[in-house]
Structures are given as C-alpha cells and as structure tokens.
Q: 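The structure under discussion is supplied below as structure tokens; questions concerning it will follow.
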Amino acid sequence: MSCPSPADVLGRLAALKATPTLQLKQQWRELFGKEPPPFNRTYLQSRLAYRVQELAYGGLKPETRARLEALGEQLDGGNVVLRRIRADSRPLAGTRLIREWQGVEHTVTVLRDGFEYEGRPYQSLSAVARHITGTRWNGWVFFGLKSQGRGV
C-alpha cells in the first residue's frame, strides 16, 4: 500500500468502514510499520483514518507538537508516572472501583490526579491495595483493570 495522494484520501477513508478487521490490521502494519495494538475496530479505523490523512497532507507542525507537549506537561504536572499511563487506559475521574477483599467491599474513587479511599487521597492504586491487604500488590491487577503479565 503506497502513500495516498490527496485525491485518494476520501475514497480510502470511506472504504475503512467496510474493511474487515484483519485487513485493517494489515493496513496498520503497512502504514505504521509495526504490529497493530490490541484495541477495538473503532480505534483501528480512527487511527488509520488519521494516518492516511497525515501521509497525504502532512502531520502536525513542530510548533504545534511543542505546544501540545507543553499543555500535557501542565496537565500532568511533570508527574512521570501519570505520563506513562495512557490517558485512554486510566479510568475517568469520578469512576468508582469496587473490590471485595476477605468479605468486605472496598470502593475507590478515581480522581483527576490520584485516587480516594475512605476519604483519604492516594497517589496510586497500589498504595490503596497495600492499605487494604497489608501486602504489596499491583493496584491495577488488584482492582481488575489489568491481568497479571499484561501491560496497562
């Protein structure tokens, strides 16, 4: 699959809706040069649509990229841990995570910059899980947001 010309873009974008998922994944390999992520069809379609347009019309200007980086820095306050967690994998602020542990139901509220449990703020889910169990836990695993051995 070659780099699309601007004249081909609309046809390519329209065709994405009817393209089988296996073919979307193949297009991903061709356009991104790597394996597709294990996300749903809608995600693949939207990213492929962007990539087709990016290749045909060009990407973001360096100034725009720099501005977005600066805005991201303001949002995460330079917190490297928050930056490593993909925004779309982190539960939205206000989400309640419920976990039963030894017959007791525990509820954690996701905050914009951390978590709240029993009225106390926590920087990480692991800290909450450690408070609940008294042992070290990966908080994402403890609350069922990821399985053992799988990346966030």
Side-chain angles (χ1 to χ4, degrees), residues 1-100 105-117 121-130 136-152:
M1 182 170 292
S2 62
C3 180
S5 71
D8 297 334
V9 170
L10 286 179
R12 294 275 300 272
L13 297 180
L16 288 173
K17 292 181 191 265
T19 303
T21 302
L22 288 176
Q23 288 180 6
L24 289 177
K25 290 180 178 187
Q26 183 56 38
Q27 284 186 34
W28 186 284
R29 290 179 192 96
E30 293 167 359
L31 294 177
F32 287 97
K34 60 184 179 181
E35 284 300 306
F39 300 134
N40 64 34
R41 177 184 175 78
T42 304
Y43 178 84
L44 294 174
Q45 279 180 239
S46 69
R47 290 296 297 129
L48 284 168
Y50 181 88
R51 184 69 174 151
V52 165
Q53 294 173 83
E54 181 181 44
L55 292 171
Y57 304 122
L60 296 174
K61 295 177 185 175
E63 304 83 41
T64 304
R65 284 187 179 276
R67 178 71 177 136
L68 290 171
E69 288 287 333
L71 288 171
E73 186 76 21
Q74 287 176 5
L75 286 175
D76 65 24
N79 185 329
V80 177
V81 173
L82 284 179
R83 192 174 303 137
R84 281 193 339 230
I85 299 171
R86 283 197 3 247
D88 58 351
S89 70
R90 181 179 168 83
L92 295 174
T95 300
R96 292 178 40 191
L97 306 173
I98 300 170
R99 169 68 149 88
E100 185 178 320
E105 188 175 276
H106 300 274
T107 303
V108 173
T109 304
V110 178
L111 305 175
R112 191 171 88 70
D113 59 350
F115 304 91
E116 180 183 298
Y117 173 68
Y122 288 83
Q123 289 295 311
S124 71
L125 278 177
S126 296
V128 177
R130 186 168 33 256
R136 289 192 165 278
W137 268 90
N138 176 308
W140 293 84
V141 171
F142 182 78
F143 285 97
L145 298 173
K146 81 169 194 171
S147 59
Q148 292 273 4
R150 188 185 65 137
V152 174

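Keep in mind that this is a model prediction, so the values were computed, not measured.
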Q: Quick one: pull up CG in Asp8 and CG in Leu55 and give me the separation to the nearest 0.5 Å.
A: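 Between atom CG of Asp8 and atom CG of Leu55 there are 12.0 Å.
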Q: For the pair Asn138 and Leu125, evaluate side chain to side chain contact (heavy atoms under 4.5 Å, CB included) and give the outcome as yes or no after the intermediate values.
A: CA-CA 8 Å; Asn138 176 308; Leu125 278 177; over 6 Å; no
Q: Please report the interatomic distance CD(Glu105) to CD1(Ile98), rounded to the nearest 0.5 Å.
A: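 Separation between the atoms: 5.0 Å.
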Q: Inspect the surroundings of CD in Glu69 and state if more than 12 heavy atoms from other residues, nucleotides or ligands are less than 6.0 Å away.
A: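 No, the 6.0 Å shell around CD holds no more than 12 heavy atoms from other groups.
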Q: For Leu16 and Leu44: C-alpha separation, side-chain torsions, deciding distance, then whether side chain to side chain contact (heavy atoms under 4.5 Å, CB included) applies.
A: CA-CA 9 Å; Leu16 288 173; Leu44 294 174; over 6 Å; no
Q: Is a donor on one side and an acceptor on the other found under 3.5 Å between the side chain of Arg51 and the backbone of Leu31?
A: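 Checking the backbone N and O of Leu31 against the side chain of Arg51, a donor-acceptor pair under 3.5 Å is found.
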Q: Quick one: does any side-chain atom of Thr19 pair with a main-chain N or O of Ala15 as donor and acceptor, under 3.5 Å?
A: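 Confirmed, Thr19 side chain pairs with Ala15 backbone.
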Q: Pairing donors with acceptors under 3.5 angstrom, does anything connect the side chains of Arg96 and Thr109?
A: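 No donor-acceptor contact under 3.5 Å links the two side chains.
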Q: Of the non-hydrogen atoms in Leu24 and Leu48, which two are nearest, and what is the gap between them?
A: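 What the structure gives for the nearest pair is O-CD1, 3.5 Å.
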Q: Heavy atoms, side chains only, cut-off 4.5 Å: are Phe142 and Arg99 in contact?
A: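 Yes, their side chains come closer than 4.5 Å.
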Q: Val128 versus Trp137: any side-chain heavy-atom pair under 4.5 Å?
A: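 The answer is no, as the side chains (C-beta and beyond) never meet within the 4.5 Å cut-off.
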Q: Looking at side-chain heavy atoms only, is the closest gap between Phe115 and Gln123 below 4.5 Å?
A: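 When only atoms from C-beta onward are counted, Gln123 and Phe115 do not touch, as no gap falls below 4.5 Å.
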Q: Using the rule given for side chain to side chain contact (heavy atoms under 4.5 Å, CB included), can you reason through Tyr117 versus His106, listing the C-alpha separation, both sets of side-chain angles and the distance that settles it, and then say yes or no?
A: CA-CA 8 Å; Tyr117 173 68; His106 300 274; 2.6 Å; yes
Q: Using 0.5 Å steps for rounding, measure from the CG atom of Asn40 to the OG atom of Ser46.
A: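 One finds 8.5 Å between CG of Asn40 and OG of Ser46.
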Q: Indicate the atoms forming the closest heavy-atom contact of Glu35 with Trp28, along with that distance.
A: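 Looks like O-NE1, 3.5 Å.
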Q: How far apart are the closest heavy atoms of Val110 and Pro91, and which atoms are they?
A: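 Closest approach of Val110 to Pro91, heavy atoms only: CG1-O, 3.4 Å.
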Q: Does some side-chain heavy atom of Lys25 sit less than 4.5 Å from a side-chain heavy atom of Pro36?
A: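 Heavy-atom side-chain distance check passes, below 4.5 Å.
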Q: Does a side-chain heavy-atom distance below 4.5 Å link Lys34 with Arg29?
A: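 Of all side-chain heavy-atom pairs linking Arg29 with Lys34, none is under 4.5 Å.
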Q: Just by modelled atom types, is the Ala49 backbone N or O under 3.5 Å from a matching donor or acceptor in the Gln53 side chain?
A: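 Here the side-chain-to-backbone pair exists.
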Q: Looking at Ser126 and Gly139, what are the two nearest heavy atoms and their distance?
A: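 Reported closest heavy-atom pair: OG-N, 2.9 Å.
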Q: Could you check whether Gln27 and Gln23, counting side-chain N and O atoms only, form a donor-acceptor pair closer than 3.5 Å?
A: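 Gln27 and Gln23 do not have a side-chain donor-acceptor pair below 3.5 Å.
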Q: Got a sec: does the CZ of Arg41 have more than 12 other heavy atoms crowding it under 6.0 Å?
A: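 For Arg41, atom CZ is crowded (more than 12 foreign heavy atoms under 6.0 Å).
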